[in-house]
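Down below is the structure, laid out as structure tokens.
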Amino acid sequence: MSIVFRQLFDDESCTLTYLLADPVTGDAILIDTVREHVGRYLTLLQELNLQLVWLLETHAHADHVTGAAGMREVTGARTATGELTGAICADRQLRDGDVLAFGNELIRAIATPGHTPGCVTYHWRDRLFTGDTLLIGGCGRTDFQGGDAGALFDSIGRLLALPDETLIYPGHDYKNMRVSSIGQEKLSNERIRDQTRDSFIELMNQLNLPRPRLIDEALPANLRCGRSEEIFDIHAA
Ligand SMILES: N[C@@H](CCC(=O)N[C@@H](CS)C(=O)NCC(=O)O)C(=O)O
Ligand SMILES: [Fe+2]
């Protein structure tokens, strides 16, 4: 049966956002939205005649502000994130194995801590939305936000145990890649190929990457589910 599936790209942060929908009922999900593109998502939903039911996050992003607050306000869709993310504002706090429904479709959360403790990978049909746990030819960094290279190694190992044909749709790509597969990453991902847990931890601890440009704005905003500070204060009062 046909599916509705779109991949959208944010040039500023190299974030990949995904739209999934049940073609029969028109119920849709968005994964990892970007605040600056709320208008674009709304237009797309309208064009495809879809109603948004869930806004999912793979984790609290350090490099861009989520579009969840704006999308939730306009569409009434509910927000969901991994329970260890710390975004208590999310309507649903997901645990490993939790399943969300949209129309007749099901999407399952797999807890994949490491890049952050609350990172979640979503599994829908033949594809994984890995956030920053597993990138194409790479993986998320573990040097801030409670990152843990050993935990990331174990999480990636869980994903690599899935069938080789499983498609990988990451949360970012910095090299113009858009989709991979478990089989492909096992063969060619230099960060994980031929590594032991210890050598992976050593490699991750030596990356010395610059801090994300927007982290000081993005992290607190994402822990408020993308709401502006003023609005959050009113709700919290
Ligand atoms: N230059 C980017 C930094 C991007 C970055 O650090 N991305 C994180 C994901 S939030 C990462 O894990 N990157 C992995 C890598 O660069 O290998 C920015 O300023 O936003
Ligand atoms: Fe990230």
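Order of listing sets the numbers, starting from 1, for every ligand and every atom in it. Nothing fancy with the numbering, it's 1 onward along the sequence.
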Under a 4.0 Å N-O cut-off, is there an ion pair linking [X] with [Y]?
X	Y	result
Glu73	Arg227	no
Arg6	Glu47	no
Asp132	Arg141	no

Distance only, no hydrogens: is a donor on one side chain within 3.5 Å (strictly under) of an acceptor on the other, for [X] and [Y]?
X	Y	value
Thr112	Thr121	yes
Ser199	Thr196	yes
Thr116	His59	no

If we ignore hydrogens and angles and just use 3.5 Å, is the side chain of His172 paired with the main-chain N or O of Cys14 as donor and acceptor?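 Yes, because the side chain of His172 sits within donor-acceptor range (under 3.5 Å) of the backbone of Cys14.
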Pairing residues for Arg72 by the side-chain hydrogen bond (donor to acceptor under 3.5 Å, both in side chains) criterion, not counting sequence neighbours: Asp91
Who passes side-chain hydrogen bond (donor to acceptor under 3.5 Å, both in side chains) against His61, sequence neighbours left out? Asp32, Glu57
If you leave out waters, which protein N, O or S atoms are less than 2.8 Å from the Fe ion (ligand 2)?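 Listed by chain and number, the nearby protein N, O or S atoms are His59 NE2, His115 NE2, Asp132 OD2.
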List, pair by pair, the atoms of ligand 1 and of the protein that are both N or O and lie under 3.5 Å apart, giving the separation rounded to 0.1 Å.
| unit_1 | atom_1 | unit_2 | atom_2 | d |
| --- | --- | --- | --- | --- |
| ligand 1 | 6 (O) | Arg141 | NH1 | 2.7 |
| ligand 1 | 7 (N) | Tyr174 | OH | 2.8 |
| ligand 1 | 12 (O) | Arg141 | N | 2.8 |
| ligand 1 | 17 (O) | Arg191 | NH2 | 3.2 |
| ligand 1 | 19 (O) | Arg213 | N | 2.8 |

